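Below is one structure, written out as structure tokens; the observations come after it.
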Amino acid sequence: MRHFQIRINILQPIHKEICVIFILFSALLPQAILRVSLHGRVLRNPLKRLITQIKLVNCYFFRNVTISLHKMIPRIYIRLVFILLSIVLTSFSSTVRGNKAETFSDYILIISSSCYADDWSTAIAKGIQAEIAKRDSSVFTRIEYADLTYNGTILSGRFSLQRTFILINQAQTNILTPTSIAIIGEEAWMIYRLMTFSEVWKKIPVTVCGVRPEIIANYPAYLSNQQITDKSLTPTVNTKGDFPAMFIHESGDEQTTLELINGFFPQTSNLVYINKKSYQDNYTLYMLRKILQHHPEIALTVLDGKNMSNEEIKEASLQQPEHSVILTRSYIIPQNWELQIPVFTLTDQQPKCKYIVGGSYTRIENLAAVTANAALLSSYSPEMANTISQKAVKTTELNKEAIDYFGVQQQAEKMQNVVYTNIPPSHFVKYFKNIAVILSLLSIALFFYLYRKRKHAHTQHILKSLERYKELYKEYQVIYENTPIGIALLNDRGDLLQCNTNANHFLFSMSRKGDTAFNLFTTPYFDRIVKKNVKRHHHVDKIIKCGQHYLRTIFSPIQDEETGQDNTLMFIIDNTQIWEAREEKETIHEIFNFAMEASSIGVVEYNLLTGEGLGTDAWYYNLGVIPGTPIFNSFINVLKDDQKEIEEFLQKAKAKEKEMYEGNLRIIVNGKTHWIRVRIKLTEYNPEKNRIIITEVTTNIDEQKENERELFIALQKAQESDKMKNAFIAKASTEIRFHTNEIVQLSTKIFEVQDQEERMELLSSLQENNEKLLAYISQIIESSKEESASK
């Protein structure tokens with residue numbers, strides 16, 4: 001953040017010898033030290049501030065003083081010490097503006113296109129100044145009014161704006177360049193862009209308030225039809241890059257207000273516009289003519305609000321035909337007029353009289369707040385200033401009194417997002433004093449009545465409470481003596497003060513041998529930590545074993561209301577049955593776990609949303625993880641493909657798209673693969689209560705997979721054996737058939753042949769075929785035996 005200093009001449013015209021001393025002193029210093037920053041950064045070093053003040057004074061007096069130096073030499077040392085001391089004291093003081101010391105972190109210049117007499121622009125300028133002061137009091141602001149007349153030319157506008165900057169420089173010669181500029185109205189922005197500035201001014205971010213987007217985008221198209229016809233108009237797109245600018249839009253007021261008029265008075269045939277011939281008024285007239293081209297049924301009457309007096313405008317308004325509506329922007333309707341004609345406005349400067357119905361526009365405080373925020377943003381971070389336009393929030397305001405006066409309540413009820421003003425007081429507000437007196441008297445009378453009634457009821461309540469207390473005390477004694485819980489009262493030394501029958505039985509058992517009465521701090525049944533906490537009056541809850549009994553003892557501090565002593569209330573609860581049931585349950589759980597582990601069947605039930613659940617050890621072992629591992633981390637050893645399949649099912653179960661899953665998973669542990677059978681079921685679906693319960697059963701099927709593998713190998717061997725057998729049988733069947741045919745043929749020939757030698761040959765062949773046939777039959781029999789043995 002850049003800082004700026006507003007300086008004042010610390011010396012009035014003084015003796016000319018002092019001036020010469022300043023000149024001599026500054027002349028001895030290097031010129032580089034005397035150079036002041038053109039950007040106006042604060043000189044934090046006291047010596048540099050001192051030198052800067054000397055240079056300012058030298059510049060002031062050098063033009064007016066001429067003196068011979070040799071006459072001042074005898075007195076120079078004394079005056080030098082005095083002057084240096086004064087300057088050092090002054091340099092450490094705060095920076096000042098005028099005669100008041102103030103320090104400002106930033107300087108924002110506010111330039112209004114209009115003059116001070118323009119209520120609307122003046123209100124915006126002062127609103128911006130107030131918003132900046134409210135948001136950051138260290139920022140210095142200054143308002144200047146350029147007074148740019150609409151009827152001038154670009155050249156006259158440049159002269160007028162230049163005169164404003166000259167007045168700024170004359171008014172505060174020691175204020176340096178601002179960190180941000182806020183311009184009100186497009187006219188000042190147009191002229192500001194065309195002025196000749198140094199490079200320092202061109203880098204100052206500008207916030208333009210109350211602009212029209214269509215004017216900023218292409219203002220020559222609008223001005224070419226107006227009186228400003230200077231040919232030097234430059235399109236905005238060609239120049240806005242040289243000026244970092246942010247535009248606060250204000251557009252469409254004429255269109256929305258005409259729609260508002262049509263909504264309230266659809267029979268409107270004549271629109272009377274009072275024009276004060278300011279830039280804003282002329283632009284509004286331009287927009288009205290443009291819009292009314294699409295509404296030929298509505299005539300436009302323009303009254304000269306600048307040259308006509310109020311009475312003349314009033315007379316002209318009263319002479320308007322029926323179904324006329326008055327519209328105004330800068331012209332303010334006098335509150336005492338009797339117009340009988342509805343009036344609409346484009347600003348919130350109008351008095352809330354019964355003839356002004358309302359209008360659609362951007363409120364001054366809203367426009368000022370958005371502009372102040374943009375100006376501060378540009379001042380803090382100039383690099384953030386850009387040409388991105390911002391639109392101020394538009395408000396539709398309706399005058400409740402005027403709506404009632406013209407009888408358009410039904411039309412007003414149809415309007416949305418409106419702000420009602422000038423709401424007439426209700427009957428309750430009108431007659432508030434009378435109602436307040438009557439209510440006060442009734443309240444006093446009611447108070448005395450209720451007081452007497454409450455007093456009587458309170459007395460009866462006390463009597464009934466006393467009787468009820470006596471009854472409850474008797475019931476309490478019965479409960480106290482017969483309650484299954486032991487109750488004892490101990491003092492701060494641990495001695496027993498009072499106890500019921502159940503507590504007396506256990507306290508007698510817990511007393512130290514040889515003691516006639518129970519004492520908490522001497523009994524061996526409580527450890528040192530319990531005794532220490534009871535002594536410190538802390539709440540203690542402890543389980544102890546006394547003989548065959550498991551006792552839950554609770555100690556709670558209590559104060560005796562009569563004596564004020566700190567006592568301890570001791571409760572003794574016999575939890576023997578609970579502990580026995582717990583031990584029995586743990587035994588059953590161990591047996592169940594043993595059975596599940598022995599059968600390699602694991603079971604788990606968990607909440608799919610939170611991961612909380614309970615599972616047997618066998619379930620963890622089947623997944624290859626240590627028991628107690630978080631549920632969602634228990635699937636880390638599952639093969640990635642199988643893990644993905646499980647995750648897909650769980651996602652579908654969470655959406656209740658699938659409720660059952662069954663499949664085999666492969667578990668990789670120490671490089672070995674194990675198989676488990678998994679069955680998962682969605683047993684409860686209640687996401688509203690954050691409960692989606694999953695029940696999962698896993699079974700180790702490593703042995704089954706091994707049997708399947710051996711069976712597969714045996715099946716392969718059987719299939720190979722079957723193939724060999726079939727091949728053998730096919731071959732054997734051919735051979736058997738061949739040898740059988742040979743035997744039949746040889747047997748037939750033996751009876752036909754008469755030659756003995758030939759018959760012997762046939763017999764030999766017959767014998768050979770018989771042997772081969774028997775050999776094949778033997779092989780078939782042996783093969784059948786082996787197959788039956790393998791089965």
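Each residue takes its place number in the sequence, starting with 1. None of the values given here were measured: they were computed from a predicted structure.
Ion pair Asp492/Lys535 not flagged as a salt bridge, since none of the NZ, NE, NH1 or NH2 atoms sits closer than 4.0 Å to an Asp/Glu carboxylate oxygen. The existence of a salt bridge linking Glu471 and Arg468 is confirmed by a sub-4.0 Å separation between a basic side-chain nitrogen and an acidic carboxylate oxygen.
By the 4.5 Å heavy-atom criterion applied to side chains, Asp495 and Asn491 are counted as neighbours.
Within a 6.0 Å sphere centred on CD of Glu322, heavy atoms belonging to other residues, nucleotides or ligands number 12 at most.
Using a 30° and 60° split on the angle between ring planes, Phe632 and Tyr606 fall in the perpendicular class, above 60°.
Every residue two or more places apart in sequence or in another chain that forms a ring pair (Phe, Tyr, Trp, His ring centres under 6.0 Å) with Tyr355 is listed here: Tyr405.
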Side-chain donor/acceptor pairs under 3.5 Å, residues 683-694, sequence neighbours excluded:
{"unit_1": "Thr683", "atom_1": "OG1", "unit_2": "Ile693", "atom_2": "O", "d": "3.3"}
{"unit_1": "Thr683", "atom_1": "OG1", "unit_2": "Thr695", "atom_2": "OG1", "d": "3.4"}
{"unit_1": "Glu684", "atom_1": "OE1", "unit_2": "Arg691", "atom_2": "NH2", "d": "2.9"}
{"unit_1": "Glu684", "atom_1": "OE2", "unit_2": "Arg691", "atom_2": "NE", "d": "3.1"}
{"unit_1": "Tyr685", "atom_1": "OH", "unit_2": "Lys654", "atom_2": "O", "d": "3.0"}

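A donor-acceptor pair is defined here as one N or O able to donate and one able to accept, closer than 3.5 Å; such a pair exists between the side chain of Glu312 and the backbone of Ser309. The backbone N or O of Met246 sits nowhere less than 3.5 Å from a side-chain atom of Thr207 that would complete a donor-acceptor pair. Distance alone, capped at 3.5 Å, is enough to place a donor-acceptor pair between the Thr345 side chain and the Thr347 backbone. Using modelled atom types, no side-chain atom of Ser324 and backbone atom of Gln320 make a donor-acceptor pair closer than 3.5 Å. With hydrogens and angles disregarded, a donor-acceptor distance shorter than 3.5 Å links the side chain of Ser465 to the backbone of His461. At least one donor-acceptor pair under 3.5 Å links the side chain of Asn399 to the backbone N or O of Ile356. Of the possible polar contacts, none joining the Ser137 side chain to the Ala133 backbone as a donor-acceptor pair under 3.5 Å is found.
Across Cys499 and Asn504, no two heavy atoms sit closer than the pair SG-CB, 3.8 Å. Between Gly494 and Phe521, the shortest heavy-atom contact is N-CE1, 3.4 Å. Across all their heavy atoms, Val343 and Leu339 have their closest contact at CG2-CD1, 4.0 Å.
Centroid-to-centroid, the aromatic rings of Phe526 and Phe555 come within less than 6.0 Å.
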- request: Take Ser180 and Ser378, measure what side-chain hydrogen bond (donor to acceptor under 3.5 Å, both in side chains) needs, and give me the verdict at the end.
  value: CA-CA 6 Å; Ser180 178; Ser378 300; 4.8 Å; no
message: Test salt bridge (charged side-chain N to carboxylate O under 4.0 Å, His left out) on Lys134 and Glu131; report intermediate values, then the result.
response: CA-CA 5 Å; Lys134 182 169 61 177; Glu131 285 288 335; 3.3 Å; yes
- prompt: Should Tyr525 and Cys546 be marked as a side chain to side chain contact (heavy atoms under 4.5 Å, CB included) after you check the CA-CA gap, both sets of side-chain angles, and the distance that decides it?
  reply: CA-CA 8 Å; Tyr525 284 91; Cys546 180; 4.1 Å; yes
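Thr362 and Asp253 share no side-chain donor-acceptor pair at under 3.5 Å. Between the side chains of Glu413 and Gln409, no donor-acceptor pair is found at a separation under 3.5 Å.
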